[in-house]
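Chain letters run A, B, ... following the sequence lines, proteins first and then strands; every chain starts at 1.
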Amino acid sequence: MSSKSAQAASTGTTATRNRVSFTRRHFLRGLGACVALPALESLLPANLLAGTAPESGLATTTTGAPLRTAFVYFPNGAIPAAWWPEAEGSGFQPSRTLQPLAARQNQIQVIGGLDHLNAQPGPDGGGDHARANGTFLTGVRMKKSATNIHAGISIDQAIARQVGNLTRFPSLELTCDAGRNTGACDSGYSCAYQYNLAWSSPNTPMTPEGSPRQVFERLFGAGGPGERVANARRRRQEQSSILDFVMQDARSFQKRLGGRDQDKLDQYLTGVRELETRIQKAEQLGEIKDPMVPTPAAIPVDYTQHIQLMYDILLLAFQTDATRVATLLLAHDGSNRSFADIGIPEGHHDLSHHQNNPEKIEKITNIDLFYVQQFAKFLEKMSLIKDLDGHSLLYNSMIVYGGGNADGNRHTHVNLPILLAGAGGGTLTPGRFVKHGGKPATNLFLSLADRMGVNPLERFGDSSGRLATI
Amino acid sequence: MMAMICAGAWTWNGPLPAAEMPAAAEFNQQVRPMLEDFCYDCHGNGENRGGVALDAFNSVTNFYDARDVWWRVLKNLRANLMPPARKSQPTLAQKEVIEQWIKRYVFELDPLNPDPGHVTLRRLNRVEYQNTIRDLLGVDYDARGVFPPDDTGHGFDNIGEVLTLSPMLLEKYLVAAEKIIGQAVPTTARVVPEQVIGGDEFHGATDARVANGGPLSLSYYVPAQVTNRFHAARAGAYQLQVDLMVNEKYVDGVFDYNKCRVAFRVDGKALLSREFSWEGGRPYHFNYDLNWGAGDHPMDFSLQPLTPGMEQTRTLSLQITSVTVRGPTAKEAGVRPKNYTRYFPHPIPKSAAARRDYARGLLGDFARHAFRRPVDADTTDRLAGLAESVYVQPGKTFEAGVAEAMVAVLASPRFIFREEQVAPAGDGQKYPLVDEYALASRLSYFLWSSMPDEELFQQAAAGTLRQNLQPQLARMLADKRAAALEQNFVGQWLQSRDIETVAIDARSVLGREQKFDPQQEAAGKRFRQLNDRPEDALTPAEKAELANARTVFFRSFRKSPRVDLTPEVRRAMRQETEYVFAYILREDRCLLELLDGDYTFVNEPLARHYGITNVFGPEMRRVTLPPDSPRGGILTEGTVLAVTSNPTRTSPVKRGVFILDNILGTPALPPPPNIPPLEDAAKNLTNRAPTLRETLAVHRENPLCASCHDQMDPLGLALENFNAMGMWRDREFEQPIDPSGQLVTGEKFSNIKELKRVLVQHHAEDFYRTLTQKLLTYALGRGLDYYDVETVDQIVARLEASGGKPSALLEGIVESAPFQKTRWDQTAAAGDNTKGRL
């Protein structure tokens, strides 16, 4: 029952709904053109291989293509009975919630038995949503405080630290949860834990971007198709001299400060340094190729469109090798979003505490299904784009799709719903459902980091080793 | 430390310092006996209910260091939550003794020299950035659309510790600085004169419209001719830009094939003559170069419909947005761009040295305002150097160089962060005063969420701000920028910022108030079941069933009137909450009117929504409510009622939590993990759904749940007469709503009016304290800690003595130690002659 049909267009201008779909249609059409391109060369920078260092195997497949990794998060767990397939092994029968992935079945792994024990309640009491969200990529226990935030470095940032300098952007942080509510967050935990997935240090969250237009312009430059590269180049030139000035300013400012205040300036200086590095790289590797599609609109009203736009931008970022590491927070854990467009007006979080009421379970299963459907569309597009070495973009990627809550009703954090999509350039064995019998999820992350060519990390978060069979 | 003379769990080593002795005596003679009488039943002698045992510290140091435990004791004692109502209660005097002991000996608070705490270096949040740019440069930059949301702490987005700066945000600051300066500061001394003629400034022969520079719409179906006249002061080459747009009223399923011919003529000659058909909302831009002599030049648009008789289905129209005339384009004819003299008041000198001085002067002044304090010569030199490095390049103007340096100022951390220094006299003190510039910024960001204005700067430069605090405070509150206090403080304290986006499903909400129709209910269920399955999977019998269910189910929707939280109602609700607060603030009325007032602010749409009669027009105005009206005060404001609801129904628990958090200041503990499922309250009801009251009653049966829900549920249930859209209702699921209840502190009430009275009569101090704490947190930019108890107590005492006036609250805050001072940090290096600040 869409309320859009009740909206006749207003006087003077075309209906908003038309304008939004107009942009989306154009964007899709443009994207269709990308998908139809036989080779990737037209979008990769000319001297890509020069920046790739295949000998070191850093974020590169054995066939010389870039190796990418991304982490996508969905909130409030998934109904286990509908999520887990019946039987383990290869050629598994997709479960009800995973049905949209049936066509891609041989390119995904359903991973069972991974835990995040640090998200479980301890002496710190309630707050499973803040913990689930914050622990997912960090594997450490969140410090329970409204203001004194202390998490840990997240795995994507740990990887980006080593492979980030191969690409123009060390990493990309995205979200479809662009609005914030006022008021306190979960049980005395800072809101920072729930609205951020990536952390570059225990107290610096990597704030994700929610506006498709903003991300797009940041990656490819402002202006219309054809103007972007020139605009981006001009901007880089102007920024150089400014950065010199502010760097000096910041250093002398920092000397006047004590303790905690210096940390804030450190965050500033890190940002400046990163920008300077990006300018240097742009000079070495050239600007990112213009994808020649119209700039997307700012945040769409329709959630499905928002999600699809963000997935499209993620795909473009990988396709143009703007980055090889990304995170996407579809919605923060604890999200109480209403899914009126699929006939579920109640809040997601409210429903997830279903108390075994079958109607509520059915609704939650449909929400889980909705999120998987969006992911499936993304994977399909990724599988159609040909990469440098003839394989698909999906083949040369490792995409984690999961959540920090397992059973949303009981707030459990063991046997988390996690999928691993892609073949990792041939280093993964997809097309299976494997139960790992209670290992830390961080073991999976270590194994992924290994494949990205990162200097072997001894441990990460609460890891106990590598995950052998992925 | 204290003497331990007792059979108890304490041990002590060593002789007692002399200063401890009185404390020991006071504790043993007065406080300990009271703890034994009122507390040890549950929190001593081996018992430790709630994990609290007041005699089980195994050393003196631990006893005094357990400040959070004693802080909880203090808070619970003051809120009358402890001892619980069913146990014997200490007298007021006894409580006072315990409270004073905690404050003096455990917290070691010195009322004459309180610890002001330390605020971590604060960066401007989105709102502050936007306002500061507006006041510094007159540019309206959409920071809220471009920057990511700020992380919050304690419910506010201006808490220094929590405001982090990711590399992505830094990049945005740089891009923003460029855009803003590009928009504000001209880079050439002369520009081509430009005049924009709005569409509606073209008139037809007979119309008497008043033009205001907006667009003009001409229908595709009606011939029209509209004219204007441009007076060229000088002869020369001109450029015309004509902006048009094709519009329609979208109608599903039909197409409009009408066409028209549009011509644009200048001086009688047609420059444009073109056919337009359906275009789908497309803009058009046409550019023409002309050579004009001085004098009048008539221009006109004419529209000729080409398809008379064709069906006119989509109200096609051609919009003349504007005609822009630029010229003469010759260099000598150039005029000063907008704002030129604001940024470049003097002619540009010729010599390099003189230019450098001019640049230094301009940039020094700009930086002083942007950094909100005096700027050292070294910085101005470097800025002038940056400007010079740009303007000596071929093709770059002096103005462009200065503009580039201004971009550097806006990108500097001294603009983005609020630097504070210590007053010169404060050198070496443990809790020195912040200097006058820092005080000016603290005041302006507190009351205006923006930078200090010229008067505050002058007072700070003269060193007279601190002694003129009260008159400056009054001036700032009367300024229209003080609306920021309502939008940002009230918007977050009462969460009225969320009203425009909160998801509420009107149909589900109103459905609870309708008569229960079992046929309807069954039809709805069956419809949903069948509708979810793909159509080709249904048997013909099922398809027929689906069609039937659809008819029965939808019948109910056509009957009920279309009521919803429309955007205009939501906006009016937000304004209601803001204006009520603003009214009390500006007129210095008793703050308790926030709990129980006999008025509110509405406009016609909101009044209709609330069922208030005799209100007409879209402006918000104050209305006095009839004496029997349940409305008035925060609790019945639409924002609060909607924001504390679920998308499909009210949530008494959330409403209770809201009141505990924001009004009484006794937040309930978060829910424990592993909540067991509630027994099904609907089990015994065959012909209807249970009301929320019945469902929640099950909470109270389990003592584990009751401990917190006894606090929350009665408060929320008192508001059950207001549905999730803030509208009054008498019944839910055909059962009359029962709003009566009892607070956990004992007071009984039978409806919302009585609850409000109870709050005013018995919990005024709790409210004052909560409001003070919230406002102080917002003003300081940090959460409060145990050492702030004295400051809060002093402000609350001042509030009560004044009869609850906001002026007392605000004065109390700006005069308080945490607002006026800071902690000296010995670890901060003192470079040159700048003081080490914290």
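- For A:Asp186, no part sits under 4.5 Å from any heavy atom of chain B, backbone or side chain.
- Contact of A:Ile342 with chain B is not made at all, since no heavy-atom distance falls under 4.5 Å.
- Here the straight-line distance linking atom CG of A:Asp263 with atom OG1 of B:Thr164 works out to 12.0 Å at 0.5 Å rounding.
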**Message:** Determine whether B:Leu386 and A:Asp244 satisfy the following criterion, side-chain contact (heavy atoms from CB on, under 4.5 Å), listing intermediate values before the conclusion.
**Reply:** CA-CA 10 Å; B:Leu386 176 57; A:Asp244 282 336; over 6 Å; no

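- Heavy-atom minimum distance, A:Val246 versus B:Pro413: O-CD, 4.2 Å.
- With respect to chain A, the highest number of heavy-atom pairs below 4.5 Å among B:Arg123, B:Gln492, B:Glu178, B:Arg497 belongs to B:Glu178.
- Going from atom NE2 of B:His154 over to atom OG of A:Ser145 covers 6.5 Å, rounded to the nearest 0.5 Å.
- Of the atoms belonging to B:Leu494, not a single heavy atom falls under 4.5 Å from chain A.
- A heavy-atom distance below 4.5 Å is not found between the side chains of B:Ser166 and A:Gln267.
- Looking at B:Phe417, only its side chain comes within 4.5 Å of chain A, counting heavy atoms on both sides.
- For the pair B:Thr152 and A:Thr182, the minimum side-chain heavy-atom distance is 4.5 Å or more.
- Taking A:Leu269, A:Asp350, A:Leu265, A:Thr175 one by one and counting their heavy-atom pairs under 4.5 Å with chain B, the maximum is reached by A:Asp350.
- Side-chain contact between B:Arg382 and A:Asp249 is present, with heavy atoms from C-beta onward closer than 4.5 Å.
- At a threshold of 4.5 Å between non-hydrogen side-chain atoms, the residues B:Pro167 and A:Leu275 do not count as touching.
- Contact count against chain A (heavy-atom pairs under 4.5 Å) is highest for B:Pro149 among B:Gly491, B:Pro149, B:Gly153.
- Interface residue A:Pro208: only backbone heavy atoms are found under 4.5 Å from chain B.
- A:Gln239 places a side-chain heavy atom less than 4.5 Å from the side chain of B:Val175.
- No salt bridge links B:Asp157 with A:Arg180; every basic N to acidic carboxylate O contact stays at or beyond 4.0 Å.
- Looking only at heavy-atom pairs under 4.5 Å with chain A, the residue among B:Asp661, B:Leu669, B:Thr648 that has the most is B:Thr648.
- Heavy atoms of B:Phe371 lying under 4.5 Å from chain A belong exclusively to its side chain.
- By the 6.0 Å and 45° rule, B:Arg414 does not stack over the aromatic ring of A:Phe253.
- Of the residues considered (A:Asn336, A:Ile149, A:Asn181), A:Asn181 shows the highest number of contacts with chain B, using heavy-atom pairs under 4.5 Å.
- The two atoms that bring B:Pro148 and A:Thr207 nearest to each other are CB-CG2, 3.6 Å, heavy atoms only.
- Within the 4.5 Å cutoff, no side-chain heavy atoms of A:Pro345 are placed close to those of B:Pro647.
- Ion pairing of B:Glu171 with A:Arg278 is present here, as a side-chain N (NZ or NE/NH1/NH2) and a carboxylate O approach within less than 4.0 Å.
- Between A:Leu172 atom CG and B:Met168 atom CE the span is 9.0 Å, to the nearest 0.5 Å.
- Looking only at side-chain heavy atoms (C-beta outward), A:Arg256 and B:Glu419 come within less than 4.5 Å of each other.
- Minimum interatomic distance between A:Gly271 and B:Leu170 (heavy atoms only, all atoms of both residues): C-CD2, 3.1 Å.
- Side-chain contact between A:Glu209 and B:Lys172 is present, with heavy atoms from C-beta onward closer than 4.5 Å.
- A distance of 11.0 Å separates CG of B:Leu169 from OH of A:Tyr268, quoted to the nearest 0.5 Å.
- Each of A:His353, A:Glu362, A:Glu274, A:Gln254 has some count of heavy-atom pairs under 4.5 Å with chain B, and the biggest count is that of A:Glu274.
- Only the backbone of B:Asp150 has a heavy atom closer than 4.5 Å to any heavy atom of chain A.
- Within a 6.0 Å sphere centred on CD of B:Glu500, other residues, nucleotides and ligands contribute more than 12 heavy atoms.
- Heavy atoms of B:Ala411 lying under 4.5 Å from chain A belong to its backbone as well as its side chain.
- No donor-acceptor pair under 3.5 Å is formed between the side chain of A:Asp261 and the backbone N or O of B:Thr120.
- Taken to the nearest 0.5 Å, the CG atom of A:Leu257 stands 6.0 Å off from the CG atom of B:Leu121.
- Remark: side-chain polar atoms of A:Lys264 are not paired, donor with acceptor, to backbone N or O of B:Leu165 under 3.5 angstrom.
- Across every non-hydrogen atom of B:Val162 and A:Ser190, the tightest pair is CG1-OG, 4.2 Å.
- The choice from A:Ser200, A:Ala192, A:Ser338 that makes the most heavy-atom pairs within less than 4.5 Å of chain B is A:Ala192.
- Going from atom CD of A:Glu346 over to atom CG of B:Asp505 covers 8.0 Å, rounded to the nearest 0.5 Å.
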